[in-house]
Amino acid sequence: MPWESIKLNSGGCLFRRLRIGVDKAAHMSGYYIPSIGFGTWTLGNGQGPVDQVEQALENGYNHIDTAQSYRNEGETGVALKESGLSRSDVFVTTKYSGTNGLDIPTSIKNSVNSLGVSYVDLYLVHSPRLAVPDIPTCWAQMEKVKEDGLAKSIGISNFGVQDMEILLGSAKIKPAVNQILLHPYVYQRQKPILEYAAANGIVIEAYSALIPITKLPGGPLDKPLNEIAAKFGATTEQVLLAWTKAKGAVVVTTSSKKTRLQGYLAAGDIDLSAEDIAAIDAAGALGEKKVNMKTVLKRVVVGAIACTTVFGVCNFFGISMM
């Protein structure tokens with residue numbers, strides 16, 4: 001498949017690309033990240049996530065993305081073991097989520113033990129809110145994780161431009177990745193993050209790329225996605241993933257359906273034109289404005305209801321508001 005592996009920085013900013021299956025030893029050294037991954041965020045725990053991770057591995061996914069807060073690192077570890085694949089065959093990402101109030105040194109040890117591995121390929125701080133007491137102190141602890149060999153690469157998630165500026169102001173090791181929400185309806189809002197990351201050699205990973213279809217159908221994106229899908233003989237999901245890839249982002253996605261997993265891999269074959277991308281961008285920007293307006297109107301309505309309630313209570317008790 002033409003989903004390419006992307007070289008992560010190891011403190012510098014040089015990048016090189018190679019196709020999945022080529023130079024596998026270098027690809028799996030911990031500094032190359034497969035540009036499509038299977039995420040365990042919504043899988044819960046128990047036998048379900050074990051089966052789904054195994055299914056993803058069996059269908060060609062060699063990048064598994066989990067997190068401390070997903071509470072299925074153990075299940076992911078079982079699936080990795082039962083797959084029969086060697087450690088170097090799978091790129092494993094997990095995240096520090098501050099679960100149960102545990103610190104980074106304790107959390108990474110717990111994570112590798114749960115996953116049944118001696119190291120992870122990528123370890124992320126799940127949110128800047130977890131950077132306690134501050135971002136520089138938190139990042140120094142992440143650097144220690146890499147220095148100790150518990151993670152080949154370290155990175156961040158949900159960090160804005162200002163957060164990244166603070167981090168880079170004191171970092172000895174640059175974050176390799178910033179994993180963020182990314183789809184056409186939030187692209188304009190997230191664009192400064194993409195630009196700052198690109199300027200500083202930080203790879204963007206995208207989660208929830210399919211939200212315009214799964215959660216927000218009927219919006220401005222429907223028309224261009226359907227037209228482009230028809231042109232390529234593809235699904236609208238595949239077009240969205242191709243758009244995400246065209247933005248230079250690593251895709252983290254999931255499905256319990258084997259056919260969808262295979263379809264997501266096949267999306268790597270779709271080469272969108274500049275016109276296709278521009279049409280999706282324009283529809284996404286229009287949808288973003290509508291979503292923002294709905295949010296504003298919702299707040300206005302909630303505020304009006306609250307004011308009406310307050311006035312009613314005051315009138316009942318004979319309290320003047322003037």
Next item on the list: Could you tell me which residues satisfy salt bridge (charged side-chain N to carboxylate O under 4.0 Å, His left out) with Asp148, sequence neighbours excluded, listed by chain and number?
Entry: Lys144
Check: If two hydrophobic side chains count as joined below 4.5 Å and joins carry through other members, does Val132 share a cluster with Phe159?
Finding: no
Next item on the list: Give a yes or no on whether a salt bridge exists between Lys81 and Glu54, defined as a side-chain N under 4.0 angstrom from a carboxylate O.
Entry: no
Notebook entry, point to check: Taking atom CG of Leu272 and atom CD1 of Ile277, what is their separation to the nearest 0.5 Å?
Noted result: 5.5 Å
Note to self: What verdict does the side-chain contact (heavy atoms from CB on, under 4.5 Å) test give for Val251 and Trp3, after you've listed the backbone C-alpha separation in whole Å, the side-chain angles of each residue and the deciding distance to 0.1 Å?
What the structure shows: CA-CA 10 Å; Val251 171; Trp3 287 98; 3.9 Å; yes
Item checked: From Glu205 atom CD to Leu124 atom CG, the distance as rounded to the nearest 0.5 Å -> 6.5 Å
Next item on the list: Decide yes or no for Val250 and Val177: does some side-chain heavy atom of the first lie under 4.5 Å from some side-chain heavy atom of the second?
Entry: no
Checklist line | Non-hydrogen side-chain atoms of Phe91 and Ile33 separated by less than 4.5 Å | finding: yes
Next item on the list: State plainly whether one hydrophobic cluster holds both Val120 and Val78, where clusters connect Ile, Leu, Val, Met, Phe, Trp and Tyr through side-chain heavy atoms under 4.5 angstrom apart.
Entry: no
Note to self: I'd like to check the ring pair (Phe, Tyr, Trp, His ring centres under 6.0 Å) partners of Tyr196; sequence neighbours left out, ordered by chain and number.
What the structure shows: none
Margin query: Nearest 0.5 Å, please: how far is OG in Ser114 from CD in Glu75?
Written below: 9.0 Å
Note to self: Contact between Asn178 and Val203 at the side-chain level, heavy atoms closer than 4.5 Å - yes or no?
What the structure shows: no
Next item on the list: Might you point out which heavy atoms bring Lys245 and Gly268 nearest each other, and give the distance in Å?
Entry: NZ-O, 3.2 Å
Next item on the list: Consider only side-chain N and O atoms of Asn158 and Ser127, and report whether a donor and an acceptor are under 3.5 Å apart.
Entry: no
Next item on the list: Give a yes or no on whether the backbone of Gly201 and the side-chain of Asn9 come within a donor-acceptor separation of less than 3.5 Å.
Entry: yes
Margin query: With no hydrogens and no angle check, just 3.5 Å: does a side-chain donor-acceptor pair link Gln179 and Asp65?
Written below: yes
Next item on the list: Taking all heavy atoms of Gly155 and all of Leu122, pick out the closest pair and write down the distance.
Entry: N-CD1, 4.1 Å
Next item on the list: Show your reasoning for whether side-chain contact (heavy atoms from CB on, under 4.5 Å) applies to Val145 and Ile104.
Entry: CA-CA 8 Å; Val145 168; Ile104 289 173; 3.8 Å; yes
Next item on the list: Report the C-alpha distance between Val125 and Cys138 in whole Å, list the side-chain angles of each, state the deciding distance to 0.1 Å, and finish with yes or no for side-chain contact (heavy atoms from CB on, under 4.5 Å).
Entry: CA-CA 9 Å; Val125 181; Cys138 172; 4.0 Å; yes
Check: Is any side-chain heavy atom of Pro184 less than 4.5 Å from a side-chain heavy atom of Pro212?
Finding: yes
Item checked: Thr106: side-chain contact (heavy atoms from CB on, under 4.5 Å) partners, not counting sequence neighbours -> Leu102, Asp103, Asn110
Notebook entry, point to check: For Asp276, does its backbone N or O pair with a side-chain atom of Ser273 as donor and acceptor, under 3.5 Å?
Noted result: yes
Next item on the list: Apply salt bridge (charged side-chain N to carboxylate O under 4.0 Å, His left out) to the pair Lys174 and Glu143, showing each step before the final yes or no.
Entry: CA-CA 9 Å; Lys174 281 186 179 183; Glu143 290 174 332; over 6 Å; no
Checklist line | Within-4.5 Å side-chain heavy-atom neighbours: Leu286 and Leu221 | finding: no
Notebook entry, point to check: Would Lys152 count as a cation-pi partner of Tyr119, with NZ or CZ less than 6.0 Å from the six-membered ring centre and within 45° of the ring normal?
Noted result: yes
Notebook entry, point to check: Okay, side chain of Gln238, backbone of Tyr264: is any donor-acceptor separation there less than 3.5 Å?
Noted result: no
Check: Side chains of Phe38 and Leu43: closer than 4.5 Å at any heavy-atom pair?
Finding: yes
Margin query: Between Ser83 and Leu85 (side chain of the first, backbone of the second, donor and acceptor by atom type, cut-off under 3.5 Å), is there such a pair?
Written below: yes
Item checked: Spacing of Gln52 atom CD and Leu261 atom CG [to the nearest 0.5 Å] -> 8.5 Å
Check: Which atom names give the shortest non-hydrogen contact between Ala283 and Tyr185, and what distance separates them?
Finding: O-CE2, 3.8 Å
Item checked: By side-chain contact (heavy atoms from CB on, under 4.5 Å) - contacts of Ala209 (at least two apart) -> Leu241, Thr244
Check: Looking at Ile202 and Pro175, what are the two nearest heavy atoms and their distance?
Finding: CG1-O, 3.4 Å
Note to self: Given 3.5 Å as the limit, does a donor-acceptor pair link the side chain of Ser208 with the main chain of Leu181, or not?
What the structure shows: no
Checklist line | Whether Thr254 side chain and Gly39 backbone form a donor-acceptor pair below 3.5 Å | finding: yes
Notebook entry, point to check: Which heavy atom of Pro217 sits nearest a heavy atom of Asp222, and at what distance?
Noted result: C-OD2, 4.1 Å
Notebook entry, point to check: Hey, does the side chain of Trp41 reach the backbone of Thr66 with a donor-acceptor pair shorter than 3.5 angstrom?
Noted result: no
Notebook entry, point to check: Would one find more than 12 heavy atoms of other residues, nucleotides or ligands at under 6.0 Å from atom CD of Glu165?
Noted result: yes
Note to self: With side-chain hydrogen bond (donor to acceptor under 3.5 Å, both in side chains) as the criterion, how do Thr94 and Gln68 come out once you've worked through the C-alpha distance, each side chain's angles and the decisive distance to 0.1 Å?
What the structure shows: CA-CA 7 Å; Thr94 194; Gln68 183 185 35; over 6 Å; no
Check: So, Asp51 versus Gln55: side-chain donor-acceptor pair below 3.5 Å or not?
Finding: no
Note to self: Strictly below 4.0 Å, N to O, side chains only: are Lys231 and Glu227 in salt-bridge contact?
What the structure shows: no
Item checked: Leu115 side chain near Thr76 side chain, heavy-atom distance below 4.5 Å -> yes
Margin query: Please check: side-chain N/O of Arg87 versus main-chain N/O of Val90, any donor-acceptor pairing under 3.5 Å?
Written below: yes
Note to self: Between Asn45 and Asn72 (side chain of the first, backbone of the second, donor and acceptor by atom type, cut-off under 3.5 Å), is there such a pair?
What the structure shows: no
Note to self: Using every non-hydrogen atom in the two residues, find where Ala249 and Ala206 come nearest and quote the distance to one decimal.
What the structure shows: CB-CB, 4.1 Å
Margin query: When you compare the side chains of Glu73 and Ser111, does any donor N or O come within less than 3.5 Å of an acceptor on the partner?
Written below: yes
Next item on the list: Hey, could you give me the CD1/CG distance between Ile108 and Leu150, rounded to the nearest 0.5 Å?
Entry: 5.5 Å
Notebook entry, point to check: Hey, what else clusters with Val252 if you join Ile, Leu, Val, Met, Phe, Trp, Tyr whenever side-chain heavy atoms sit under 4.5 Å?
Noted result: none
Margin query: For Asn59 and Gln262, which I'm curious about, is there any donor-acceptor pair between the side chains at under 3.5 Å?
Written below: yes
Item checked: Any Ile193 side-chain heavy atom under 4.5 Å of Met164 side chain -> yes
Margin query: Is there a continuous path of hydrophobic side-chain contacts, each under 4.5 Å between heavy atoms, that joins Ile64 to Val50?
Written below: no
Checklist line | Separation of Gln190 CD from Ile204 CD1 (nearest 0.5 Å) | finding: 8.5 Å
Next item on the list: Identify whether NZ of Lys or CZ of Arg in Lys247 sits under 6.0 Å from the centre of the six-membered ring of Tyr187 and within 45° of that ring's axis.
Entry: yes
Next item on the list: Applying side-chain contact (heavy atoms from CB on, under 4.5 Å), name anything that partners Ser86, two or more places apart in sequence or on another chain.
Entry: Ser88, Asp89
Next item on the list: Assess whether side-chain contact (heavy atoms from CB on, under 4.5 Å) is satisfied between Met142 and Glu147, documenting all intermediate values.
Entry: CA-CA 9 Å; Met142 292 291 287; Glu147 290 165 4; over 6 Å; no
Next item on the list: Check the pair His63 / Tyr32 against ring-ring contact (aromatic ring centres under 6.0 Å, His included), numbers first and verdict last.
Entry: CA-CA 11 Å; His63 174 187; Tyr32 287 85; over 10 Å; no
